[in-house]
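What you see is a predicted model; the values in this text were computed from it and never measured. What's counted below: heavy atoms across the whole structure, side chains too, no hydrogens, waters or symmetry copies. Along the sequence shown, the residues carry numbers beginning at 1. In each ligand, atom 1 is the first atom listed, and ligand 1 is the first ligand listed.
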Amino acid sequence: MIDVRRAEGVAEILVNHPPVNALGRGVRAGLLHAISKADADPAVKAIVIRCEGRTFFAGADISEFGQPQVAPSLADIIVALEGAGKPVVAAIHGNALGGGLELALGCHYRIATKAARLGLPEVKLGILPGAGGTQRLPRLVGVPKALEMVVFGSPIDAVEAQNLGLVDAHVEDDSQLARRAQDFAGAVAARPLPAPVSRRQVMLEDAREDPEIFARFREVHARALKSLAAPNACISAIEAAVAGPFAEGLAFERELFLRLVATEESRALRHLFFAERTAAKIDDMPLDTPVLPIRRVGIVGAGTMGIGIAMNFLTAGVPVTLVEREQKPLDHGVALIRRNYEASAKKGRFSQEQIDAAMALLTPSLDMEALADCDLLIEAVFELMNVKKDIFRRFDTIAKPGAILASNTSYLDVNEMAAVTHRPESVVGMHYFSPANVMKLLEVVRGDQTSHMVLRTVMDLAKRLGKVAVISGVCHGFIGNRMLAKRQEQAMQLVIEGALPWEVDQVLLKFGLPMGPFQMTDLAGLDVGWTRENSTGSTLKEVLCEADRRGQKNGRGFYDYDEMRNRKPSPEVVAMIEAFRARLGVTSRQIAADEIRERLLYPLVNEGALILEEGIAQRASDIDLVWINGYGWPKQTGGPMHWADAIGHETVADGLCRWRSHFGSDFRVASAFQRALV
Ligand code: 3HC
């Protein structure tokens, strides 16, 4: 795991702990031993610390959190580095993240490859840097930049790091690093030893003269910081670096770290870290399953979904052929893509060159035959099985052998679509969430005959596109929408019993979701699947549609909207609800927020457990990812399944029993919760 090579008076400590050289207990012990030995060896004039494999240290070993600490700690290593009697050079490639960067900050010098990324992303795990990062980083890069890097956890590249003084030199590519680090160490060995970072003060002086910088930072970022514990602790720790001596700041950082690592927020975020990495694994798939090359993508349908999907590929540099039946919607789709890019450019997300490059990859066409050279064909047409089947028949005749045939359906049976082709093994669902170029979730729907190769390719592609992809089996609504349906049913039922739509929404907003069930319905449109001819006025939604309350799109849904799409409760809707209750003979009652929350969320979680039992989802953490990335479930609770574990299965089971009479005759309690009741 740790090798020491000596040449020309420089000891190179080489760490090899795949996959990412996490600083677990074995690595820490080996490192401390190697550093102490090299420091004590009079023949060694300088020390280089370098890693093998794809990266420098990616941080502490996250899987060790929550377990008793085993010595030596990372802080012990950093003390040894700062106390070394000869210069220590960190030679960085790949990533120096979290504890990895903290270790590098303990070295006298840092040299990095141009592509390396350096950062303190601990905040994303609900903690703060716990080995001096909040104290040393501002001493090198100044308080404003340290605040930005620590509070938001975004890494910077080596060139920026060098401009900031965080690294001392950079090399063009990985192959030069070992040699350059050796030469650099040899050269600095002849100079006086620089002061350790912990003793430097100059970069703190501006903030000492302007202590209000912290209050301003909190104010400017109030919305992003909300009531989250970790980012606020990061600010306090950096404030301590400025306010007092290094040792006190370090002790304060440690105290905050220990407090945060034990919070439910951090447990949830760490759960999500591993959940994201596990989701890409397909349980029954051989590891050597090949990945098909995807050089061109064909998309049928230039509606909202189709253009969002197209943008996803164009932004990633993949050429797209976009097919529509008529010129007008095709032109409209292309214009919308350009307009969306230009709107993003105004927010600084794209340059004009990037927009031009993306648009140059787009080939609009009225001819399905144009899809013949595509490696992946995606249909994004109406959600009607017959229409989808027609498209799949065409795909089957047009697509080249081995091409992947995908449906963007949100509910329908992918097996039925596969059955109309002669190549069901090539058929897969790719359920994007709207807007498809923004939302991170992709449900990859595995049909009964979808081949491993197709699944592997789509999962790999999703990673390339920056999506979080989760495998779902075939069922109505797949993972996300099937669970959502249970929540929406209860939301409507609660209104019929006595709650008002905004009261219901408010409960979920308070829980941390970005919108409530009725805001969501207004956004999607109340009239999806509704026609005046077939309307019977038997549901509240139908009653609203009949009164031309169609949602945000016409400024009137469950809420009233102004031109800026600001919503306010609608007295007209209150009257309609009251009339509807009277028609059903319901005597309305006051419904407490607790009942609303339990009736909305417990059936949703129960459906998740059923989905797991039926093998539709591979694992509970996949379901959590669906809700975090597709529906904005609050990250700090780790997703619905993790949340249910945290509040206790008995609590959920009790709630399901308490409200069972409201859940309809076909309601089934998942065995996970039946067990909790035994
Ligand atoms: N601890 C434990 N395991 C880790 C890890 C870590 N810090 N970082 C990555 N891994 C594991 C992953 O779980 C995955 O395991 P698997 O193969 O069994 O699924 C494997 O390493 C590869 O990870 P990725 O799939 O993420 O690999 P990529 O090449 O896509 O990305 C990376 C590499 C950018 C380094 C990314 O892994 C990453 O961001 N890692 C976490 C960085 C981080 O948060 N560091 C801070 C840790 S907390 C800390 O240091 C506290 C300190 O202040 C005391």
Rounded to the nearest 0.5 Å, what separates atom [atom1] in [X] from atom [atom2] in [Y]?
X      : Y      : atom1 : atom2 : result
Lys281 : Arg619 : NZ    : CZ    : 8.0 Å
Ile47  : Leu81  : CD1   : CG    : 8.0 Å
His17  : Glu52  : NE2   : CD    : 14.0 Å

What do we get for [X] next to ligand 1 when only non-hydrogen atoms under 4.0 Å count, side chain, backbone, both or neither?
X      : value
Ala60  : both
Asn95  : side chain
Lys124 : neither
Phe56  : neither

Relative to the heavy atoms of [X], which atoms of ligand 1 are at a distance of less than 4.0 Å?
X      : result
Gly98  : 46 (C), 50 (O)
Val20  : 4 (C), 5 (C), 8 (N), 9 (C), 10 (N), 21 (O)
Gly59  : 50 (O)
Phe274 : 13 (O)
Glu122 : 48 (S), 49 (C), 50 (O), 51 (C), 52 (C), 53 (O)
Phe273 : 8 (N), 9 (C), 13 (O), 40 (N), 41 (C)
Leu125 : 44 (O), 47 (C), 48 (S)
Pro129 : 53 (O)

(Q) Between Phe273 and His271 (judged by ring centroids, cut-off 6.0 Å), do the two rings come close enough to count as a pair? (A)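 No: the rings miss the under 6.0 Å criterion.
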
Q | Ring center gap for His221 and Phe152 short of 6.0 angstrom | A |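 Between Phe152 and His221, which both carry aromatic rings, the centre distance is below 6.0 Å.
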
Q. Within 4.0 Å of atom 31 (O) of ligand 1 (strictly less), any protein heavy atom?
A.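 No; the ligand atom in question lacks any protein heavy-atom contact below 4.0 Å.
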
Q) Heavy-atom distance from atom 15 (O) of ligand 1 to the protein below 4.0 Å? A)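 Under 4.0 Å from atom 15 (O) of ligand 1, zero protein heavy atoms found.
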
Q.
Between Asp284 and Arg446, does the salt bridge (Lys or Arg N to Asp or Glu O under 4.0 Å) criterion hold? Intermediate values first, please.
A. CA-CA 12 Å; Asp284 59 344; Arg446 176 182 196 168; 3.0 Å; yes

Got an N/O contact under 3.5 Å between [X] and ligand 1?
X      : result
Glu102 : yes
Ile62  : yes
Gly99  : yes
Leu97  : no

Q: Flag the pair Arg28 and Asp76 as a salt bridge only when some basic side-chain nitrogen lies within less than 4.0 angstrom of an acidic carboxylate oxygen.
A: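 Not counted as a salt bridge, because no side-chain N and carboxylate O are separated by less than 4.0 Å.
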
Q: Using a strict 4.0 Å threshold on nitrogen-to-oxygen distance, state whether Glu160 and Lys145 make a salt bridge.
A: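 So Glu160 pairs with Lys145 through a salt bridge.
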
Q: Report yes or no: is the cationic atom of Arg259 (NZ for Lys, CZ for Arg) closer than 6.0 Å to the six-membered ring centre of Phe257, at no more than 45° off its axis?
A: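 Output no; distance or angle outside limits.
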
Can you tell me if [X] has a non-hydrogen atom under 4.0 Å from ligand 1?
X      : answer
Glu64  : no
Pro19  : yes
Arg54  : yes
Lys463 : yes
Thr55  : no

Q) When you check the side-chain N and O atoms of Glu443 and Ser472, is any donor under 3.5 Å from an acceptor? A)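 No, Ser472 and Glu443 have no side-chain donor paired with an acceptor closer than 3.5 Å.
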
Q.
For a quick check under 3.5 Å, do Arg208 and Gln201 share a side-chain donor-acceptor pair by atom type?
A.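 Per modelled atom types, Arg208 and Gln201 side chains form a pair under 3.5 Å.
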
Which residue owns the protein heavy atom closest to [atom], what's the atom, and how far is it?
atom                    : result
atom 2 (C) of ligand 1  : Asp61 OD1, 3.3 Å
atom 19 (O) of ligand 1 : Lys281 NZ, 2.6 Å
atom 45 (N) of ligand 1 : Ala58 O, 2.9 Å
atom 24 (P) of ligand 1 : Arg277 NE, 3.7 Å

Test applied, side-chain contact (heavy atoms from CB on, under 4.5 Å); reference residue, [X]; option that passes from [options]:
X      : options                        : result
Val470 : Val444, Asn629, Val626         : Val626
Leu14  : Ile2, Val48, Asp3              : Asp3
Leu128 : Leu256, Val261, Ile235, Val123 : Leu256

Q: Quickly, which of Arg180, Lys114, Gln162 forms a side-chain hydrogen bond (donor to acceptor under 3.5 Å, both in side chains) with His170? Name it, please.
A: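 Single side-chain hydrogen bond (donor to acceptor under 3.5 Å, both in side chains) partner of His170 among Arg180, Lys114, Gln162: Gln162.
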
Q.
A side-chain contact here means heavy atoms from C-beta on lying under 4.5 Å apart; do Leu137 and Val150 qualify?
A.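 A side-chain contact exists here, since the closest heavy-atom pair is under 4.5 Å.
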
